[in-house]
Amino acid sequence: AIIASRMEQSDATTRRMAMEEGARELLTGGCTAVIDCTTDDSSYAILEDHGLNYFLYFEVLGLTAERAQSAWANLWQKFVTVEEGEQWLLLAGINPHAPYSVGPWLRQQLRDFRWHPGTARLAWHLAETADENALFLTGTGSIADFFKSANMPLPFDAVPGKTAAGYLEDEGLLRLCDIAFHGNVLTDEEAGFFKAPRALVHCPSTHRWFSRPPVPLSKWLRSGVNICLGTDSLASSDTLSMLEVVRMTLEDHPELTADEVLQMACRNPAEIRNIDMDYNYGKLEPDLDEPYADFIALQSPVRDNDLLSVLRCPDTTVEQVWIYGIERLRRENVPRPQRTKSLYL
């Protein structure tokens, strides 16, 4: 469905309008810094125009060498520089999408890339569904059926007999993974790999959209997993508002405290390895090197001091947003975004 929609909306004007609306909705929902998986380099300018800080993960995928080589060449053209023999990814990491979308040629390029110590590395959509694990454990399930029906090659020559995370580990790619999106069917041991400075990103709106079983967020969080909150875009989410994402998380996981969920939304992303967005996001502490910070002002009809009630109240709104000490949003001056039928951001 996403591919069909993009074919209908391929002109640059439609793309830009859609991304601008997405950026406005992020801002009006209380987001100040965006980690964006992108298929080109067009989103950063829109995010910058709206005062949002950003870090890009450039999507590179392909089951065949022919499909992957053009994406790999595009990555080098846009984001890779070489200084004194060291390769740098400039304001970007690499998102090979998922273990099932990367073939042997591309896996070898990812292993061979001379990752500079200051470079953000890989982000994967990982262990999102049980069928993803079934593909690597037994070669069965809906993903395997889709590949066969589309005459597409499987990502492996022989069924690995491992989970998706186990497969990446055997391929030497899990050690390069800084961020995993979803992780819904990770084992406790696999989830434990994503302690800071790595991160596991939970997307509650997408989780609801697909009616997926609960994830043991509180267990993982309290065992030290660096869980962050995000969306998986409007392709499978009803919102880009971080305030709504926080509210959904509290509703779906009543065992979590308001403070724990705010940490997942605000502070935990600041612990991710090598994502340098100029200063310490999410940390309001004395004696930081930079005196500037991001602040969100909420307005709520809740009249007591119960933060949990404020965050769970559907009438609580984001009234003002400051990014790097600069006011970027005042509710009375900014109308709520009017969405087009777009799946770009």
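In what follows, residues are counted from 1 in the order of the sequence shown.
- For D157, the CG atom sits in a loose shell: 12 or fewer heavy atoms of surrounding residues, nucleotides or ligands are nearer than 6.0 Å.
- Counting only distance, with no hydrogens or angles, the side chain of D131 and the backbone of I143 share no donor-acceptor pair below 3.5 Å.
- Ring geometry for W72 against F113 counts as perpendicular: the plane angle is over 60°, on a 0 to 90° scale with 30° as the lower cut.
- Side-chain atoms of S205 come within 3.5 Å of backbone N or O of D238 as a donor-acceptor pair.
- Atoms OG and CZ, on S42 and R16 in that order, are 9.0 Å from each other to the nearest 0.5 Å.
- A continuous path of hydrophobic side-chain contacts links M152 to F136 [ILVMFWY only; heavy atoms under 4.5 Å].
- The nearest pair of heavy atoms linking R121 to W115 is CA-CZ3, 3.4 Å.
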Which is it for L217 and M264 under the side chain to side chain contact (heavy atoms under 4.5 Å, CB included) test, yes or no, and what are the steps along the way?
CA-CA 10 Å; L217 290 187; M264 292 158 64; 4.1 Å; yes
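- Note: R328 CZ to T32 OG1 = 11.5 Å, rounded to the nearest 0.5 Å.
- Looking only at side-chain heavy atoms (C-beta outward), C37 and F181 come within less than 4.5 Å of each other.
- The aromatic rings of F156 and Y167 sit perpendicular to each other, their planes meeting at more than 60°, with 30° as the lower class boundary.
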Please evaluate residues R222 and E255 with respect to the criterion salt bridge (charged side-chain N to carboxylate O under 4.0 Å, His left out), reporting the C-alpha separation (whole Å), side-chain torsions for both, the decisive distance (0.1 Å), and the verdict.
CA-CA 11 Å; R222 292 164 188 173; E255 73 281 5; over 6 Å; no
Side chain to side chain contact (heavy atoms under 4.5 Å, CB included) between L75 and V80: does it pass, once the steps are laid out?
CA-CA 7 Å; L75 169 74; V80 179; 4.1 Å; yes
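- Here the side chain of T231 pairs no donor or acceptor atom with the backbone of L240 at under 3.5 angstrom.
- Contact check for D232 versus H182: side-chain heavy atoms found under the 4.5 Å cut-off.
- R198 and N226 get closest at one heavy-atom pair: O-ND2, 3.0 Å.
- Judged by distance alone, the side chain of S101 and the main-chain N or O of P96 form a donor-acceptor pair under 3.5 Å.
- Scanning all heavy atoms of the two residues, the minimum distance from A144 to L154 falls at CA-CD2, 4.5 Å.
- Across all their heavy atoms, L186 and A127 have their closest contact at CD2-CB, 3.6 Å.
- Side chain of S237 to main chain of L234: no donor-acceptor pair is present (N/O by atom type, distance under 3.5 Å, no hydrogens or angles).
- Here the side chains of D188 and W220 are in contact, with some heavy-atom distance below 4.5 Å.
- Here the CZ-CG distance, from R175 to L122, works out to 9.5 Å after rounding to the nearest 0.5 Å.
- Proximity of a side-chain donor or acceptor of N184 to a complementary backbone N or O of T129 within less than 3.5 Å is not detected.
- Within the 4.5 Å cutoff, the side chain of R107 has heavy atoms near those of the P155 side chain.
- Judged by distance alone, with hydrogens and angles left aside, the side-chain atoms of D36 form no donor-acceptor pair with the main-chain N or O of T38 at under 3.5 Å.
- Counting non-hydrogen atoms of other residues, nucleotides and ligands closer than 6.0 Å to OH of Y44 gives a total of 12 or fewer.
- Taking 4.5 Å as the limit, every side-chain heavy atom of L173 sits out of range of all side-chain heavy atoms of V102.
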Before giving the answer on side chain to side chain contact (heavy atoms under 4.5 Å, CB included), spell out for R212 and T206 the whole-Å C-alpha distance, their side-chain angles and the decisive distance to 0.1 Å.
CA-CA 9 Å; R212 288 176 173 151; T206 294; 4.0 Å; yes
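- Taking the side chain as every heavy atom from C-beta outward, T316 and R247 approach each other to under 4.5 Å.
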Side chain to side chain contact (heavy atoms under 4.5 Å, CB included) for D178 and Y57? Distances and angles first, verdict last.
CA-CA 11 Å; D178 290 330; Y57 272 88; 4.2 Å; yes
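- R331 places a side-chain N or O within 3.5 Å of a backbone atom of V318 that can act as its donor or acceptor partner.
- Looking at E132, its side chain does come within 3.5 Å of a backbone N or O of E128 through a donor-acceptor pair.
- In the hydrophobic cluster analysis, where Ile, Leu, Val, Met, Phe, Trp and Tyr join through side-chain heavy atoms closer than 4.5 angstrom, W124 is grouped apart from L61.
- Under the 4.5 Å side-chain contact rule for hydrophobic residues, L308 and L311 share a cluster.
- Heavy atoms only, all atoms of each residue included: A123 and N95 are closest at O-ND2, 2.6 Å.
- Taken to the nearest 0.5 Å, the CD atom of E327 stands 5.0 Å off from the CD atom of Q320.
- Using a 30° and 60° split on the angle between ring planes, W322 and F295 fall in the perpendicular class, above 60°.
- From T239, atom OG1 reaches atom CE of M248 across 6.0 Å, with rounding to the nearest 0.5 Å.
- In this structure the side chain of E171 reaches within 4.5 angstrom of the side chain of R111, judged on heavy atoms.
- Of all the heavy atoms in F58 and D40, the pair that sits closest is CE1-CA, 3.7 Å.
- The hydrophobic clustering, which links ILVMFWY residues whose side-chain heavy atoms are closer than 4.5 Å, places L200 and V185 apart.
- Linking Ile, Leu, Val, Met, Phe, Trp and Tyr residues whenever their side-chain heavy atoms come within less than 4.5 Å places V82 and F79 in a single cluster.
- The side-chain heavy atoms of V215 and D252, taken from C-beta on, include no pair separated by under 4.5 Å.
- Taking CD1 of I272 as the start and CD1 of I179 as the end, the distance is 4.0 Å to the nearest 0.5 Å.
- Under a 3.5 Å cut-off, the side chain of H125 and the backbone N or O of P99 do not form any donor-acceptor pair.
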